[in-house]
K.L.:
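Below you'll find the structure I mean.
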Amino acid sequence: MTGGTGCFLLFISTRHKPQELPSIMSQVRVRFAPSPTGFFHIGSARTALFNWLYARHTGGVFVLRIEDTDQARNSEEFLNVIYDSLTWLGMTWDEGPKVGGNYGPYRQSERGPIYKEYLQKLIDAGRAYEKDGAVWFKLLGDRSEVYDDHRQKTVTKVANTPAVIDDQIRGRVERLEDEDFVIFRSDGNPVFHFVNVVDDIAMKITHVIRGEDHLSNTSKHVELFKAFGVQPPVFAHIPLILKQNGPGKMSKRDQGALIEEYQKRGYLPEALVNFLSLLGWSPKDDREKMPIADIIALFDFPGINQSNARFDDKKLAHMNMAYLLELTADVFVVQARAYYEKLGTPVAAVALAADPVYFREVLLISQPKIKGLEELPAYTAYFFAEDFAIDAKVRDKVMGKGDPKARLAELAEALATADFSSDTAIEETIKALATAKGLGFGDYQSVARLAVSGTNVGPSLTSMFRVLGRERVLASFARLAA
RNA sequence: GUCCCCAUCGUCUAGCCCGGUUAGGACACCACCCUUUCACGGUGGGCACCGGGGUUCGAAUCCCCGUGGGGACGCCA
C-alpha cells in the first residue's frame with residue numbers, strides 16, 4: 001500500500017515552506033519509541049498510528065524502538081503489552097524487536113556502546129562536560145544567571161543560539177534560550193534527550209512524528225543534532241488527546257485510557273483505529289468510517305489539526321457498532337466466541353458449553369441489535385438458562401394491561417401445531433391468530449416476549465421463537481402463566 | 001512564575017492559507033417516520049465562529065491585545 005513518491009511528498013507535505021528537507025529523496029523512515037513504564041494508552045496508540053500511517057502512506061519504514069534507559073521504571077510486562085497492543089491494532093513494525101533490521105539493536109538498554117561512541121564525539125568537540133558526577137551537554141551562546149521561580153533557584157540560561165524548528169504542523173517555532181542539560185546520569189546511563197537523538201541519527205530516521213508535549217524538548221534535540229553535525233529530521237508535533245472529563249491530557253489512569261481495556265471489552269480493532277485516526281486528523285471531506293486502505297491513502301501532514309482533541313467514548317462506541325453491523329455472519333461468530341472465551345465468566349462458560357449451532361443462531365439474531373460484543377452475555381443470557389429472571393417492572397407493566405394471560409393461552413394453542421422452521425412462518429401464524437381475534441401483532445408480542453426472555457428488549461420475537469424452538473417457547477409460556 | 005503551542009455547535013471536525021457560505025458533516029440530544037419490543041435506518045429540529053480593537057465596501061477567514069485551554073520547565077520518557 002504505497003502512496004506518493006519522494007517528489008509527491010515534497011509537494012504536499014508542508015504547511016510552511018521548509019528550507020531543506022533531509023533525506024527527501026530517500027525512503028521515509030519513522031519510528032514509534034515508547035517507554036515500557038506503564039500500560040499502553042490511547043495517546044501512545046494514536047502517536048504510533050500516525051507514524052504507522054505516514055510510513056504506509058509514503059511506502060516508508062515504520063521502526064519500533066524501545067526507550068528503556070530508565071532501568072528503575074521499566075518492566076517486561078509493559079513491553080509485552082506494547083507488542084500485543086500494536087499487533088492487535090494491526091500496526092506491524094518493519095524494524096524493531098522480534099523482527100530485527102539493519103539498525104539494531106532496537107532496545108536502548110542494549111545500545112550502550114553506541115551511546116559511548118557518540119558521547120566521545122561530543123567530548124572531542126568540547127560540547128560535553130562533567131558536573132556533579134553527571135555528563136552535561138554544553139550549549140553555545142551568551143550565558144546569564146536567572147532566578148527561576150518554579151524551581152526556586154538560580155539557573156544558567158544560554159541565549160544567542162535560537163533553535164528553529166520547522167514543524168510540519170506548527171509551522172516555524174523558535175526558542176531564544178535554553179539551559180545545559182544532563183546527557184549521562186551519574187550512574188552511567190544515558191538520558192532520553194541524548195539517546196533519542198543519537199538513535200534517530202543512527203537509525204536514519206527522516207521524520208519525527210510525536211506528541212506536542214515534546215515540542216518544548218525539540219530545541220534541545222535540534223542543538224544536539226547540530227553538535228553532531230547532522231541535519232535534523234523533519235518534525236511533526238501532533239495535538240494531544242485530552243481526557244473526556246476534567247482538565248488536562250489523557251493519562252494512563254483515566255477512564256477508558258488503556259488499549260488493552262478495549263481489547264478485553266471486545267471492541268473491534270478496526271473501529272478503534274478508525275476512531276483514533278479521526279482524533280487530530282481529518283480527510284477534509286465528510287467521510288468518517290473508512291477502510292484502513294483509504295485512511296492510508298489520504299493520510300498526510302496537511303490533514304493534521306493544530307488543536308488538541310477531547311476523547312469521546314460515545315463516538316467510539318458508535319464507530320464500533322457500525323463495524324460490528326457489517327461483519328459477515330461467520331466473522332461475527334468467530335469474534336463473539338473469542339470474546340466469550342476470554343471473558344471466562346460462568347455465564348460465558350454456559351453459553352460456550354451450549355450446542356455451537358444454537359449458540360451461533362443466538363449470536364446472529366443479536367448482531368443487528370447490539371452496540372458492542374460486551375453487551376452480548378447479558379443480552380442473551382436467557383437463551384442459556386431455563387430459569388432466567390423475570391424483570392418485575394416489565395412484568396407489572398405488561399401484565400397490567402388488557403388480558404395478557406388470555407393472549408398467551410391463544411398463542412400457545414396456535415404455536416402448538418405451527419411451523420417453526422422460519423421467521424416468516426412464525427410471523428404468519430401470529431398474524432393469522434391476531435387477525436382471527438380482531439387484534440394486532442403487538443397484543444401478542446409484549447406478553448410473549450416477557451415469557452420467553454423476562455424482559456422487554458431483545459431480538460426479533462419471531463427469530464427468538466425459531467431459535468428457542470417450540471418446546472422451550474411453550475414451557476416459558478406455562479411458567480409465566482403459573 | 002518563565003517559555004512554547006492552540007482557540008468554529010456539548011464533543012470530533014469542514015470552511016481559514018487565496019476575506020463575500022442559508023457556516024457543512026458526524027457523535028450526543030429532541031421530535032416524527034419505519035417497525036414486532038429494542039436497535040438499525042430515514043426525515044426534521046435545537047446547538048458554534050471566545051472577547052475587544054484594528055485592516056477592509058465587506059472578517060469565522062488577515063493583524064494586534066486580552067481571555068481561555070493545553071504543554072514544557074527532572075540525573076522521567
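Lettering of chains follows the sequences in order, A, B, ..., and the numbering in each one begins at 1. None of the values given here were measured: they were computed from a predicted structure. When reading the values below, keep in mind they use all heavy atoms of this one structure, side chains included, and skip hydrogens, waters and symmetry mates.
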K.L.:
Classify Asp132(A) by what it touches in the nucleic acid, base, sugar-phosphate, or nothing, heavy-atom distance under 4.0 Å.
P.N.:
base

K.L.:
Give the rounded distance in Å between these two atoms: CZ of Arg170(A) and P of rC4(B).
P.N.:
15 Å

K.L.:
When you check the phosphate oxygens OP1 and OP2 of rC5(B), does a side-chain N or O of Ser216(A) lie under 4.0 Å from one of them?
P.N.:
no

K.L.:
Mind checking Glu67(A) for me? I need base, sugar-phosphate or nothing, with any heavy atom below 4.0 Å counting as a touch.
P.N.:
sugar-phosphate

K.L.:
Remember a base hit wins even if backbone is also touched, and classify His318(A) as base, sugar-phosphate or nothing at under 4.0 Å, heavy atoms.
P.N.:
sugar-phosphate

K.L.:
Base, sugar-phosphate, or nothing for Ser186(A), non-hydrogen atoms under 4.0 angstrom?
P.N.:
base

K.L.:
Within the structure shown, what part of the strands sits under 4.0 Å from Gly280(A) by heavy-atom distance: base, sugar-phosphate, or nothing?
P.N.:
sugar-phosphate

K.L.:
Does Arg479(A) make a cation-pi contact with Phe388(A), if we ask for NZ or CZ under 6.0 Å from the ring centre and within 45° of the axis?
P.N.:
yes

K.L.:
Verify salt bridge (charged side-chain N to carboxylate O under 4.0 Å, His left out) between Asp300(A) and Lys284(A), making sure each step is shown before the conclusion.
P.N.:
CA-CA 11 Å; Asp300(A) 210 340; Lys284(A) 302 293 181 190; over 6 Å; no

K.L.:
Answer whether the closest heavy-atom distance between the side chains of Glu427(A) and Phe441(A) falls below 4.5 Å.
P.N.:
yes

K.L.:
Might you list the N or O atoms of the protein lying below 3.5 Å from N or O atoms in nucleotides 34-37 of chain B, with each pair's distance?
P.N.:
residue : atom : partner   : partner atom : Å
rU36(B) : O3'  : Gln445(A) : NE2          : 3.2
rU36(B) : O2   : Gln445(A) : OE1          : 3.2
rU36(B) : O2   : Leu461(A) : N            : 3.3
rU36(B) : O4   : Glu427(A) : OE1          : 3.4
rU36(B) : O4   : Thr462(A) : OG1          : 2.8
rU37(B) : O4'  : Gln445(A) : NE2          : 3.2
rU37(B) : O2'  : Asn456(A) : O            : 2.5
rU37(B) : N1   : Arg449(A) : NH2          : 3.4
rU37(B) : O2   : Arg449(A) : NE           : 3.4
rU37(B) : O2   : Arg449(A) : NH1          : 3.3
rU37(B) : O2   : Asn456(A) : O            : 3.2
rU37(B) : O2   : Gly458(A) : N            : 3.1
rU37(B) : N3   : Arg449(A) : NH2          : 3.1
rU37(B) : N3   : Gly458(A) : O            : 2.7
rU37(B) : O4   : Lys369(A) : NZ           : 2.8
rU37(B) : O4   : Gly458(A) : O            : 3.4
rU37(B) : O4   : Ser460(A) : N            : 3.3

K.L.:
Identify, residue by residue, the members of residues 361-368 of chain A with a heavy atom below 4.0 Å from RNA chain B, and return them in order of residue number, or none.
P.N.:
Pro368(A)

K.L.:
Could you give the NE2-to-P distance, from His214(A) to rC5(B), as a whole number of Å?
P.N.:
17 Å

K.L.:
Taking the side chain as every heavy atom from C-beta outward, state whether Arg31(A) and Val208(A) have any pair of such atoms under 4.5 Å apart.
P.N.:
yes

K.L.:
In terms of side-chain heavy atoms of Gln306(A), which of rA7(B), rA77(B), rA28(B) is nearest?
P.N.:
rA7(B)

K.L.:
Test your reading of the model: is there a side-chain donor-acceptor pair from Asp132(A) to the backbone of Ala134(A), 3.5 Å cut-off?
P.N.:
no

K.L.:
Taking all atoms of both residues into account, what is the closest heavy-atom pair of Ala45(A) and Leu89(A), and its distance?
P.N.:
CB-CD1, 4.1 Å

K.L.:
Provide the full list of ring pair (Phe, Tyr, Trp, His ring centres under 6.0 Å) pairs with a residue in residues 164-191 of chain A, sequence neighbours left out, each pair given once.
P.N.:
Phe137(A)-Phe181(A), Phe181(A)-His193(A), Phe184(A)-Phe194(A)

K.L.:
To the nearest Å, give me how far apart CD1 (Ile183(A)) and P (rC76(B)) are.
P.N.:
14 Å

K.L.:
Start at the 5' end of RNA chain B and walk down; is the nucleotide closest to Gly246(A) or to Trp136(A) reached first?
P.N.:
Gly246(A)

K.L.:
Regarding Asp68(A), tell me which of base, sugar-phosphate or nothing describes its non-hydrogen contacts under 4.0 Å with the strands shown.
P.N.:
nothing

K.L.:
Is His150(A) stacked on the base of rC73(B), with ring centres under 5.5 Å apart and planes under 30° apart?
P.N.:
yes

K.L.:
Consider ring pair (Phe, Tyr, Trp, His ring centres under 6.0 Å). Of Phe275(A), Tyr267(A), Tyr339(A), which one does Tyr262(A) pass it with?
P.N.:
Tyr267(A)

K.L.:
Does the base of rA14(B) carry an N or O that pairs as donor and acceptor with the side chain of Lys284(A) under 3.5 Å?
P.N.:
no

